[in-house]
Structure formats: C-alpha cells, structure tokens
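Because the structure is predicted, anything quoted here is derived from the model rather than measured. We use all heavy atoms of the structure for the numbers below, so side chains are in, but hydrogens, waters and symmetry mates are not. Throughout, a chain's letter reflects where its sequence line sits, starting with A, and its residues are numbered from 1.
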Amino acid sequence: MPELPEVETTRRGLVPLAVGRRVVATTIYDRRLRWPVPRALEKNLTGRVIEGVDRRSKYLLFRVGHETLLVHFGMTGSLQAFTRVPPRTAHDHFDIVLDSGITLRYRDPRRFGALLWLKAPAEAHPLLASLGPEPFDPACDARYLWGATRRRKTAIKLALMDNGLLTGVGNIDANEALVRAGIRPTTPAHRLSLARLARLIDAVRRTLEDAIAKGGSTLRDYVDSGGEPGYFQLEYSVYGREGLPCRVCGSAIKSLRQGGRATSYCPHCQR
DNA sequence: CTTTTGACCTGACAGC
DNA sequence: TGCTGTCAGGTCAAAA
C-alpha cells in the first residue's frame with residue numbers, strides 16, 4: 001500500500017481530525033512491529049494535544065509539544081479513523097482515542113511498520129537524520145542530483161529508491177517516473193546528463209502529484225470509510241504490465257529484477 | 001565511501 | 001481441499 005502518495009493522502013485526511021485534539025486514551029493491542037512499541041508510549045501520549053501532523057519521507061510525525069509520535073506503515077500498515085470503533089481484529093496494533101470521540105486505529109498484518117516516540121529534535125533521530133531531500137523540495141533539483149550521483153555506478157532506478165539520495169520514491173513510483181522520463185531503469189546513475197536528470201526529477205514530481213490527487217479525491221470519506229485511499233483508480237504505464245503493450249508505442253513491456261524488486265519498462269520508449 | 005545481500009513478517013495466489 | 005513455492009507498495013544492518 002504505502003508509497004509516499006498514500007502516506008501524504010493519509011496525512012491530509014488526519015489533519016482536520018487530529019490537529020488541536022487531545023488524546024484521551026492510548027491502547028496498544030500488539031507491540032510487535034518492526035521495533036517493539038516503547039513501553040512508555042501510552043504514558044507519554046495520553047493527555048497530550050496533537051499540535052500538527054507532518055510527513056517526512058514515508059514517516060508520519062504527530063507533533064506533541066517538543067516531542068513527536070512517529071508512525072511508519074511499512075508494507076501493509078494503515079491508519080483509519082472511526083466515530084464508532086469496530087471490534088478489534090487480528091493485526092490491529094493500537095488505538096488512539098481523541099477528545100472528539102474519533103478513534104485512530106493502526107493495522108499492519110506484516111508488521112514491517114513502526115510506532116516510536118521521539119525526543120526533540122525529532123529530525124536528529126537516526127531514522128530521519130540520514131534522509132535526503134524531499135522530491136518536492138526546490139533544493140532537490142537536477143543540479144543536486146547530478147552532483148550526488150557522479151560516483152554512483154548503480155542503476156538509476158536503485159538510486160531513485162535510495163532514501164539517502166532523495167526520499168519517498170517507492171517501487172511503483174520509481175517505475176512510473178522512469179517511463180515518463182524516457183530513461184531505462186538499468187542506466188548507471190553517473191551516466192545521466194544534467195538535462196536527463198532534469199527530466200527525471202520533473203517526472204518524479206508529476207508521478208507523485210498525480211497519485212496524491214487520485215488518493216485525495218476520496219478523502220472526504222476518510223472517517224469510517226475503512227481507509228484505503230483510492231489508488232485502484234490509477235492506471236499504471238509499466239508497473240505490473242509485463243508482456244502487455246506499451247500505451248504509447250505498443251511494444252511489449254519487459255521486466256527484470258533489481259535489488260530484489262520488480263522493475264518493468266518499455267524497451268522502445270526508455271533508452 | 002558504494003554496493004549487495006539477507007533479514008524481518010503475513011497473506012494471496014498459481015500450480016500441482 | 002490442501003500442500004508448496006513465489007510474490008508483495010519498505011528499509012535496516014551487515015558484509016563485501
């Protein structure tokens with residue numbers, strides 16, 4: 001589920017529900033996530049006011065005074081809002097009850113997600129400190145990418161997904177951005193010219209923006225909706241389309257594996 | 001430093 | 001109906 005657009009869509013759904021609200025109860029059902037949910041979390045969070053919900057890479061950051069509740073969705077995590085909470089089911093990990101009566105429930109079957117309590121400044125935490133710029137940061141431009149990739153012989157797709165170079169580009173979005181930019185995923189990063197990197201960062205931004213817009217169109221139903229912003233509406237160009245005709249030129253989409261992840265591309269449109 | 005690999009988990013699905 | 005193998009949108013830590 002969660003690439004950057006879905007995390008951002010969730011954040012936008014949460015802001016009007018959570019910001020300014022006080023946490024009246026925190027219930028942990030299952031502490032087993034990527035790292036165990038800290039013992040002190042309930043005590044730290046309960047009774048406090050959520051002053052903001054930010055996003056850094058694919059992390060959601062709930063600002064509580066000078067401290068921060070960090071939530072990551074891993075591969076299968078989701079946060080849903082309910083006015084009437086359904087009974088707890090398998091894979092439900094925790095509830096946060098707000099003074100408005102709304103309950104935020106986190107579910108994560110595969111348990112690759114995280115729930116952590118960060119002391120100030122949150123950005124100094126090791127998980128956040130090593131992150132590269134956000135794709136939408138004006139500083140994350142072609143010149144930056146050019147300089148940062150000159151010694152990197154790794155395939156551009158793997159570089160795109162390296163959170164130390166730039167953050168938040170997941171597997172689907174990397175595939176889709178590369179076809180938009182007309183760049184072969186296996187091209188060594190250091191071989192790309194400034195001009196091609198300019199096309200690439202533009203494609204990354206448009207890919208993410210489109211996905212956020214699609215997810216955002218379902219946000220009015222965020223409370224009691226069962227979550228799941230509407231990415232089923234997205235039509236991918238290459239992802240999951242191995243063997244099918246390219247929507248532009250009709251060539252058969254090819255696929256391979258890079259770093260253990262599925263890559264697909266159009267052999268004609270991407271050079 | 002860069003790059004590769006394994007590890008963490010459960011569930012869905014294809015094929016026998 | 002069950003079993004087995006493969007795959008899944010993330011990313012950290014260790015090894016090369």
Go ahead and name the base partner of C:dG9; Watson-Crick or wobble counts if both distances stay under 3.5 Å, otherwise write none. none
Going by modelled atom types, is there a donor-acceptor pair between the base of C:dA8 and the side chain of A:Arg110 at under 3.5 Å? yes
Round to a whole Å and report the spacing from CG of A:Asp162 to C1' of B:dT4. 13 Å
Quickly work out the A:Leu165 CG to C:dT11 C1' distance and round it to whole Å. 15 Å
Report yes or no: does A:Arg196 contribute a side-chain atom to a donor-acceptor pair with the main-chain N or O of A:Gly182 at less than 3.5 Å? yes
Rounding to a whole Å, what distance do you find between A:Lys58:NZ and C:dC12:P? 10 Å
Could you tell me whether the side chains of A:Thr263 and A:Gln258 share a donor-acceptor contact shorter than 3.5 Å? yes
Regarding A:Phe73, tell me which of base, sugar-phosphate or nothing describes its non-hydrogen contacts under 4.0 Å with the strands shown. nothing
Using the P atoms only, state how far B:dG6 lies from C:dT6, rounded to an integer number of Å. 14 Å
Report the distance from atom CG of A:Leu160 to atom P of C:dG10, rounded to the nearest whole Å. 13 Å
Between OH of A:Tyr236 and P of C:dA8 the distance, given in whole Å, is 14 Å
Just to confirm, is there a sub-4.0 Å distance from OP1 or OP2 of B:dT2 to any side-chain nitrogen or oxygen of A:Arg152? no
Most 5' of A:Arg34 and A:His91 on DNA chain B, judged by nearest nucleotide: A:Arg34
Find the distance between CG (A:Leu127) and CG (A:Leu118) and round it off to the nearest 0.5 Å. 7.5 Å
Has A:Arg31 got a side-chain atom pairing as donor or acceptor with A:Val37's backbone, closer than 3.5 angstrom? yes
Within the 4.0 Å heavy-atom criterion, would you say A:Asn163 contacts the bases, only the backbone, or no part of the nucleic acid? sugar-phosphate
By a 5.5 angstrom centroid cut-off and a 30 degree plane limit, is there stacking between A:Phe112 and B:dC8? yes
From CD of A:Glu242 over to C1' of C:dC7, roughly how many Å is that when rounded to an integer? 13 Å
Please answer whether the main-chain N or O of A:Asp99 pairs with a side-chain N or O of A:Arg21 as donor and acceptor at a distance below 3.5 Å. no
Between C:dT11 (P) and A:Leu158 (CG): distance, integer Å: 14 Å
How many whole angstroms separate atom CD of A:Glu176 from atom P of C:dG9? 13 Å
Assuming nearest nucleotide by heavy-atom distance, tell me which of A:Gly260 and A:Leu131 is located more 5' along DNA chain C. A:Gly260
